[in-house]
Amino acid sequence: MRASSVVLLPHAPSSVAIARQCLSSELIASGVLQSVIDDINVITSELLSNALRHARPLPSGHVKLAWVSAGDTIEVAVSDGGAMTEPRRNHPTLSSLGGRGLGIVESLAECWGVRYEDGTTTVWALLRSTQPSATNGRIGTDTPQPATTGQPGISGVPAMNLLDRTR
């Protein structure tokens, strides 16, 4: 079964909670396991928080959250208006106050990456919608996959604007 959704959110910290609630409801309705939804919520929080903290909004003043489920894979993606720096995983010290977000995403996702297109930066992550194996916590891989520059899955889906509930 293939399911997807795109939501435009205000470029504001309150959007993180709204996004998690909206995404959780849609994934539950799609029959996704609660443990996978929990991981997706953490990833969504990290990607949106990074977009809100480090990047400009899209020209509309929003950030975009998109997800697509196809087969046993779920992709979640956050698009913004770009920043002066490139999204990349940091290696913070134990006393660092931040810099762990993409490391968390990397540990929960099968793979993640960044796509640049027409002034928009999209950071995406892929997860398996099935239970991980007991031996390594992941399905089909023992090591995290490197970030890539392509974005599978999400395209051509009209966005829903949470401000006025239109598509």
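- With respect to Leu127, the side-chain contact (heavy atoms from CB on, under 4.5 Å) criterion is satisfied by exactly one of Ile40, Val32, Asp72: Ile40.
- Ser49 pairs by the side-chain contact (heavy atoms from CB on, under 4.5 Å) definition with Val16, not counting sequence neighbours.
- Shown here for Val78 and Ala51, the closest heavy-atom pair between the two residues is CG1-CB, 3.9 Å.
- Screening residues 10-20 for side chain to side chain donor-acceptor pair (under 3.5 Å) gives Arg20-Ser45 as the qualifying pairs, with residues at least two apart or on separate chains.
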Step-by-step side chain to side chain contact (heavy atoms under 4.5 Å, CB included) determination, Trp124 to Cys111 | CA-CA 9 Å; Trp124 56 269; Cys111 61; 3.9 Å; yes

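- Between Val63 and Pro10 the shortest heavy-atom distance is CG2-O, 4.2 Å.
- Take Ser24 and apply the side chain to side chain donor-acceptor pair (under 3.5 Å) test, not counting sequence neighbours, and it matches Asn41.
- Between Ile74 and Leu126 the shortest side-chain heavy-atom distance does not fall below 4.5 Å.
- When atom types are taken as modelled, the side chain of Arg128 and the backbone of Thr73 share no donor-acceptor pair closer than 3.5 angstrom.
- Remark: Ser25 engages no residue in a side-chain contact (heavy atoms from CB on, under 4.5 Å) (not counting sequence neighbours).
- Closest heavy-atom contact between Ser4 and Val68: CB-CG2, 3.7 Å.
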Go through the steps for Leu9 and Ile18 under the test side chain to side chain contact (heavy atoms under 4.5 Å, CB included), then give the verdict.
-> CA-CA 8 Å; Leu9 299 155; Ile18 293 167; 3.9 Å; yes

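- With rounding to the nearest 0.5 Å, the separation of CH2 in Trp67 from SG in Cys22 is 9.5 Å.
- Annotation for Ala83 and Ala55: closest pair CB-CA, 3.9 Å, computed over non-hydrogen atoms.
- For the atom pair CG of Asp80 and CG of Leu52, the computed distance is 8.5 Å after rounding to the nearest 0.5 Å.
- What you find for Ala19 and Leu48 is that their closest heavy atoms are CB-CD1, 3.3 Å.
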Candidate pair Leu23 and Val76, rule side chain to side chain contact (heavy atoms under 4.5 Å, CB included), full reasoning | CA-CA 10 Å; Leu23 189 55; Val76 62; 4.2 Å; yes

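- Taking both residues in full, the closest heavy atoms of Ser5 and Val7 are given as OG-CG2, 4.0 Å, listed atom of the first, atom of the second, then distance.
- For the side-chain contact (heavy atoms from CB on, under 4.5 Å) with Val42, the qualifying choice from Leu47, Leu108, Val105 is Leu108, the only one to do so.
- Ser79 places no side-chain N or O within 3.5 Å of a backbone atom of Thr122 that could act as its donor or acceptor partner.
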Just do the side chain to side chain contact (heavy atoms under 4.5 Å, CB included) check on Val123 and Trp112 with the steps written out, would you?
-> CA-CA 7 Å; Val123 183; Trp112 68 277; 4.1 Å; yes

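- Two residues are said to be in side-chain contact when any heavy atoms from C-beta on lie closer than 4.5 Å; Thr121 and Val114 meet this criterion.
- Residues satisfying the side-chain contact (heavy atoms from CB on, under 4.5 Å) criterion with Gln34, sequence neighbours excluded, are Ile28, Ile37, Asp38.
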